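First up is the structure itself, then whatever we jot down about it.
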2 protein chains.
Amino acid sequence: MSPALPSPESDGGPSAAAPSFSPLYRQIKALITRSLQGGEWKPGEPIPSETELAARYKVSQGTVRKAIDELATENLVVRRQGKGTFVSTHAEEKVQFRFLRLMPDEGEAGGMPRRFLDCRRLRAPADVARALDIRGGEPVVQVRRLLYFRERPIVLDDIWLVGAQFKGLTAERLSESRAPLYRLFESEFGVRMIRAEEKIRAVVANEQSAELLELPLGAPLLSVERLSFTYGDRPVEWRRGLYNTTTHFYRNDLS
Amino acid sequence: MSPALPSPESDGGPSAAAPSFSPLYRQIKALITRSLQGGEWKPGEPIPSETELAARYKVSQGTVRKAIDELATENLVVRRQGKGTFVSTHAEEKVQFRFLRLMPDEGEAGGMPRRFLDCRRLRAPADVARALDIRGGEPVVQVRRLLYFRERPIVLDDIWLVGAQFKGLTAERLSESRAPLYRLFESEFGVRMIRAEEKIRAVVANEQSAELLELPLGAPLLSVERLSFTYGDRPVEWRRGLYNTTTHFYRNDLS
DNA sequence: AAGTGGTCTAGACCACGAT
DNA sequence: TCGTGGTCTAGACCACTTG
């Protein structure tokens with residue numbers, strides 16, 4: 001049985017260093033990824049069963065299985081025994097904690113209330129453009145917000161979004177929604193965050209951040225710079241968060 | 001073919017919540033893990049081939065394969081096509097970066113020269129004992145050291161080790177060795193670090209840390225508290241690092 | 001050439017969830 | 001009861017490393 005497939009192609013993954021050999025299941029994986037990226041199956045929806053996909057691609061179920069295994073490992077899909085395999089979505093509670101690493105010293109993690117301070121469209125400054133891999137001067141959306149814990153401001157986020165992907169994002173749109181940002185991005189703009197890279201530093205509060213976070217000038221803050229990627233490893237968001245870590249900490253697992 | 005195996009048992013993993021059903025490959029995985037833990041195969045050495053293990057446990061090669069797959073995912077073993085499967089070791093360059101997340105803004109990561117300030121045995125203070133899950137007053141080893149980058153001190157580490165596991169650890173032993181700490185622990189004391197949990201905060205330099213890190217009083221520092229675990233999820237090390245992040249950052253990948 | 005891990009297949013059966 | 005993903009097997013062949 002000779003599977004009808006395009007010629008072997010690269011995985012597209014971050015560390016794909018021109019593999020000399022592309023096994024069948026990776027080609028299947030690439031095909032499924034393309035369908036995810038193209039929106040054939042939407043976040044939260046089930047993808048076809050392994051049997052169906054095996055028939056579609058003319059390979060054995062085991063090969064489809066191995067392809068889906070990798071997609072599940074990369075959190076692009078979620079398997080549910082007895083029910084099917086579903087496209088991952090930021091609508092799931094569990095997924096939130098992958099990107100929200102700030103935990104209170106005491107009490108439960110829970111979602112933090114927020115307040116948007118600003119939302120404007122502008123031309124990308126040089127440093128932001130470089131991070132987002134777009135040309136300087138291209139349109140971007142800048143969002144500034146505060147996150148609260150027990151009525152006190154804990155996080156100050158400055159967010160830059162690639163303008164082309166977020167047409168129609170306004171302060172009203174943000175304020176109306178009660179969903180987490182990444183959930184909103186996914187449902188309203190079709191932009192799903194897959195992974196992110198962070199650079200963490202200790203800094204001190206300047207005049208502005210001190211006032212907004214209700215801290216004395218010079219108070220220590222955790223600076224978290226994050227570059228987020230969507231399908232195809234395309235950067236679409238760059239943000240810098242300033243965290244007050246007197247009652248919270250940034251949790252990380254090394255394994 | 002009826003495999004000769006002990007009755008189904010728990011995985012022992014961190015999130016094993018009394019599974020009602022333990023598949024064969026997990027039982028095999030547990031058996032292999034036990035051999036790793038017991039030192040039947042030492043770090044850096046090859047474990048028996050999949051065929052051999054299949055014969056030993058009286059299961060198919062595919063089942064052994066799946067067990068080893070999980071061990072490889074958890075970084076307990078490393079597969080090398082054409083050569084065999086090897087017990088992971090901190091002697092590999094690549095592994096270092098799993099636990100050393102501090103990167104210079106400019107230049108390569110590379111190993112940082114170090115200086116040991118202190119190494120003494122004492123009875124565990126209450127907070128350290130709690131973190132290490134031992135009784136207060138049990139013997140621990142405290143190590144204090146500095147890490148340098150371009151002749152300047154960047155990291156101040158305070159390390160506590162469970163005394164029972166590190167008999168014979170002295171300042172001389174530390175100074176004589178040029179190997180990374182985890183490599184030394186593994187080769188000299190048979191204690192291999194598997195995973196760790198970190199809590200990260202921004203703090204300010206006090207008198208002591210300011211002097212040691214050659215910084216002004218009140219300079220912002222990254223505080224990284226780490227609890228490290230060995231086989232069987234037993235905590236064996238607790239450390240608090242203070243990082244000067246003016247020329248470095250803590251790198252993290254969310255996925 | 002021999003031995004290792006890696007891929008692919010086909011089929012049987014199990015556990016789980018919905019009906 | 002049915003369809004889903006999950007497990008287990010047995011065998012064939014491929015890719016890589018070493019002798």
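Just so it is clear: chains get the letters A, B, ... in the order the sequence lines come, proteins before strands, and each one is counted from 1. What you are looking at is a predicted structure, and each value in this text was computed from that prediction instead of being measured. Reckoned from all heavy atoms, side chains included, excluding hydrogens, waters and symmetry mates.
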Could you state the atom-to-atom distance from [atom1] of [X] to [atom2] of [N] in whole Å?
X: B:Leu71; N: C:dG5; atom1: CG; atom2: C1'; value: 15 Å
X: A:Gln27; N: C:dT7; atom1: CD; atom2: P; value: 12 Å
X: A:Arg26; N: C:dG6; atom1: CZ; atom2: P; value: 12 Å
X: B:Phe86; N: D:dT17; atom1: CZ; atom2: C1'; value: 10 Å
X: A:Lys29; N: C:dG6; atom1: NZ; atom2: C1'; value: 16 Å
X: A:Phe21; N: D:dC13; atom1: CZ; atom2: P; value: 16 Å
X: B:Glu50; N: C:dT7; atom1: CD; atom2: C1'; value: 12 Å
X: B:Tyr57; N: D:dT7; atom1: OH; atom2: P; value: 19 Å

Exercise. Would one find a side-chain N or O of B:Arg79 under 4.0 angstrom from OP1 or OP2 of C:dG6?
Worked result: yes

Exercise. Hey, does the side chain of B:Thr63 come within less than 4.0 Å of D:dC8's phosphate (OP1/OP2), counting only N and O?
Worked result: no

Extract from the structure each pairing of a protein N or O with an N or O of nucleotides 17-19 of chain C at less than 3.5 Å, listing the distance.
none

For this session: Could you tell me which residues satisfy ring pair (Phe, Tyr, Trp, His ring centres under 6.0 Å) with B:Phe189, sequence neighbours excluded, listed by chain and number?
Result: B:Phe166

Exercise. Bend angle of the helix from C:dA1-D:dT18 to C:dA18-D:dT1 from five-pair axes at both ends, rounded to 10°?
Worked result: 10°

For this session: Among residues two or more places apart or on two chains, list those pairs meeting ring pair (Phe, Tyr, Trp, His ring centres under 6.0 Å) that have a residue in residues 71-92 of chain B.
Result: B:His90-B:Phe99, B:His90-B:Tyr182

Exercise. Applying ring pair (Phe, Tyr, Trp, His ring centres under 6.0 Å), which residue pairs with at least one partner in residues 25-48 of chain B are found, sequence neighbours left out?
Worked result: none

For this session: Specify the residue among A:Gly62 and B:Asp69 whose closest nucleotide of DNA chain C lies further upstream toward the 5′ end.
Result: B:Asp69

Starting the side chain at C-beta, find the nucleotide from [options] nearest to [X].
X: B:Pro23; options: D:dC8, C:dT7, D:dT9; answer: D:dC8
X: B:Ser60; options: C:dT9, D:dG5, D:dC8; answer: D:dC8
X: B:Glu52; options: C:dT4, D:dT9, C:dC8; answer: C:dT4
X: A:Tyr25; options: D:dC8, C:dC8, C:dT4; answer: C:dC8
X: B:Thr85; options: D:dG6, D:dT7, C:dG5; answer: C:dG5

For this session: Determine, stepwise, if the pair B:His248 / B:Tyr243 fulfils ring-ring contact (aromatic ring centres under 6.0 Å, His included).
Result: CA-CA 8 Å; B:His248 289 67; B:Tyr243 301 176; 9.1 Å; no

Of all residues at least two apart in sequence or in a different chain, which pass the side-chain contact (heavy atoms from CB on, under 4.5 Å) check with [X]?
X: A:Glu172; answer: A:Thr170, A:Glu176
X: B:Ser49; answer: B:Thr51, B:Glu52
X: A:Leu71; answer: A:Lys29, A:Ile32, A:Thr33, A:Leu76, A:Val77

Exercise. Listed in order of residue number, which residues of residues 37-47 of chain A have a non-hydrogen atom at under 4.0 Å from DNA chain C?
Worked result: none

Seminar exercise, completed: Sorted by chain and residue number, the side-chain hydrogen bond (donor to acceptor under 3.5 Å, both in side chains) partners of A:Ser187 (sequence neighbours excluded) come out as none

Exercise. Can you list the residues that meet the side-chain hydrogen bond (donor to acceptor under 3.5 Å, both in side chains) rule with A:Arg251, with sequence neighbours excluded?
Worked result: none

Exercise. Do A:Arg195 and A:Asp233 meet the salt-bridge criterion of a basic N to acidic O distance under 4.0 Å?
Worked result: yes

Exercise. Taking 4.0 angstrom as the limit, do B:Arg239 and B:Glu225 come out as a salt bridge?
Worked result: no

Problem set entry | Pairs flagged by salt bridge (charged side-chain N to carboxylate O under 4.0 Å, His left out) wherever residues 75-101 of chain A is involved - sequence neighbours left out | A:Glu50-A:Arg79, A:Asp69-A:Arg79

Seminar exercise, completed: In A:Glu237, A:Arg240, A:Met193, the residue satisfying side-chain contact (heavy atoms from CB on, under 4.5 Å) with A:Arg226 is A:Glu237

Exercise. Which comes earlier along DNA chain D counting from the 5' end, the contact point of B:Gln61 or that of B:Lys66, where each point is its nearest nucleotide?
Worked result: B:Lys66

For this session: Answer with base, sugar-phosphate or nothing: what part of the nucleic acid does B:Arg65 contact at a heavy-atom distance below 4.0 Å?
Result: base

